[in-house]
Amino acid sequence: MIRFGPSGNSVSFYEQGYKSSFQMPEWLAKMGLNAYEYSCSKGVNIGRETAEKIGKNAGEFGIFLSIHAPYYINMASPESQKRENSKNYIIETLHAASWMGAKRIVVHTGSTSKVDRKWAVETAKQVLGESLAEADNLGFSDITICPEVLGKINQLGSIEEILELCSIDERLIPTIDFGHLHARGMGCLNSPKDFENITDAIENSLGEYRLKHLHVHFSRIEFTAGGEKRHWTLDDTQFGPEFEHFAEIIVKKNMEPVIICESRDQMAEDALRMKKIYEGCAKGKG
Ligand SMILES: [Zn+2]
């Protein structure tokens, strides 16, 4: 089943008088959405009670939950203490996911600004492997870790690097952030074929199952020579990429991804528009 939902809470959610994320599942379901990515990007500060409340409501309203792990994870830090800390942040996020019943966590892999890229990939593979082993020991084996394609050139997270990291364990599913890919490639996604080249690369490297069940982030994005600058909304049409182009490939390849919209402010509204674009595309081909 294909899933659509926002990353975090829309401005309109608060404007309508709602206050807490545990109210999100019902709000999203009433809009016609069925996924929600809870953000722990600034740290795992959520308490068990709130997490369980979100989880209970998500179950009741049919919302697929994922959690975004802290941004400051760096599996390729030259400092071993920081690599150790990174494992702990992953485990903390898995803990919160287990309270919430979230099925996936999205993880940034790190930076290459102070290190050699090859060393960074090898080191991150090791840290990720150790994190998986620790997760298994703690009973978190059923929560999928999803390393993310990142938007800045000096971040560890090109499509090739993420596919290589995901190759160490067949349970790892990549988070393909098409805005990030577009930014990193200086505006490289301009047609359905450009998207298909990416899905082909994923299928060749990780196989059909992982392509079909991909974790996806999508938003229009502004970039500079260093890559990602800022996420925009579907209305900001001066920035790419176009969701229509990807929708065609989802239908063509019969994919069932979880699609998380990362538009500024109106992420839930834009997720719904993306869902409608996809449905229009599926109908046209059906
Ligand atoms: Zn991210």
Side-chain angles (χ1 to χ4, degrees), residues 3-10 21 35-46 64-77 85-87 89-90 92-94 96-97 100 102-113 120 124 127-128 131 143-163 165-166 172-185 189 198 202 214-223 226-233 239 241 243 246 257-268 270-271 274:
R3 300 268 182 181
F4 288 89
S7 155
N9 306 348
S10 284
S21 293
Y36 177 41
E37 191 153 291
Y38 183 85
S39 180
C40 286
S41 53
K42 295 188 176 113
V44 186
N45 303 314
I46 187 166
F64 182 99
L65 289 176
S66 51
I67 302 186
H68 199 304
Y71 285 144
Y72 40 75
I73 286 175
N74 188 358
M75 301 184 209
S77 170
N85 294 344
S86 295
K87 272 191 266 177
Y89 302 137
I90 293 172
E92 278 179 22
T93 310
L94 287 168
M100 221 183 261
K103 305 265 190 312
R104 295 179 171 185
I105 69 162
V106 172
V107 172
H108 287 199
T109 46
S111 165
T112 60
S113 56
V127 171
L128 187 56
S131 305
I143 304 166
T144 305
I145 298 176
C146 303
E148 180 176 354
V149 169
L150 299 175
K152 294 202 171 78
I153 311 274
N154 67 7
Q155 284 173 308
L156 176 65
S158 66
I159 180 89
E160 294 81 9
E161 286 161 348
I162 292 303
L163 294 179
L165 283 170
C166 288
L172 295 165
I173 290 181
T175 298
I176 306 297
D177 186 315
F178 285 102
H180 288 168
L181 265 176
H182 190 65
R184 220 182 163 104
L189 299 176
I198 302 295
I202 297 165
L214 218 53
H215 202 73
V216 170
H217 284 176
F218 209 102
S219 70
R220 293 185 183 277
I221 201 160
E222 182 180 1
F223 56 87
E228 167 185 17
K229 185 177 175 198
R230 199 172 187 198
H231 289 250
W232 290 87
T233 73
F239 303 110
F243 187 73
F246 181 45
V258 177
I259 298 177
I260 299 298
C261 178
E262 288 195 318
S263 287
R264 308 161 58 77
D265 303 337
Q266 58 188 50
M267 44 290 241
D270 280 5
M274 288 177 359

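As the structure lists them, so they are numbered: ligands from 1, and atoms in each ligand from 1. Residue numbers run from 1 in the order of the sequence given.
At least one N, O or S atom of H68 sits under 2.8 Å from the Zn ion (ligand 1). Counting backbone and side-chain atoms alike, E262 contributes no N/O/S atom closer than 2.8 Å to the Zn ion (ligand 1).
Counting just the N/O/S atoms of H108, the one with the shortest distance to the Zn ion (ligand 1) is named NE2. Note on E148: its N/O/S atom closest to the Zn ion (ligand 1) is OE1.
Aromatic ring pairs are classed by plane angle as parallel below 30°, tilted from 30° to 60° and perpendicular above 60°; the pair F218 and F178 is tilted.
Although no hydrogens or angles enter the test, the distance criterion places a donor-acceptor pair under 3.5 Å between the side chain of S10 and the main chain of A268.
Under the salt bridge (Lys or Arg N to Asp or Glu O under 4.0 Å) criterion, K229 pairs with E222, not counting sequence neighbours. For K152, there are no salt bridge (Lys or Arg N to Asp or Glu O under 4.0 Å) partners at least two apart in sequence or on another chain.
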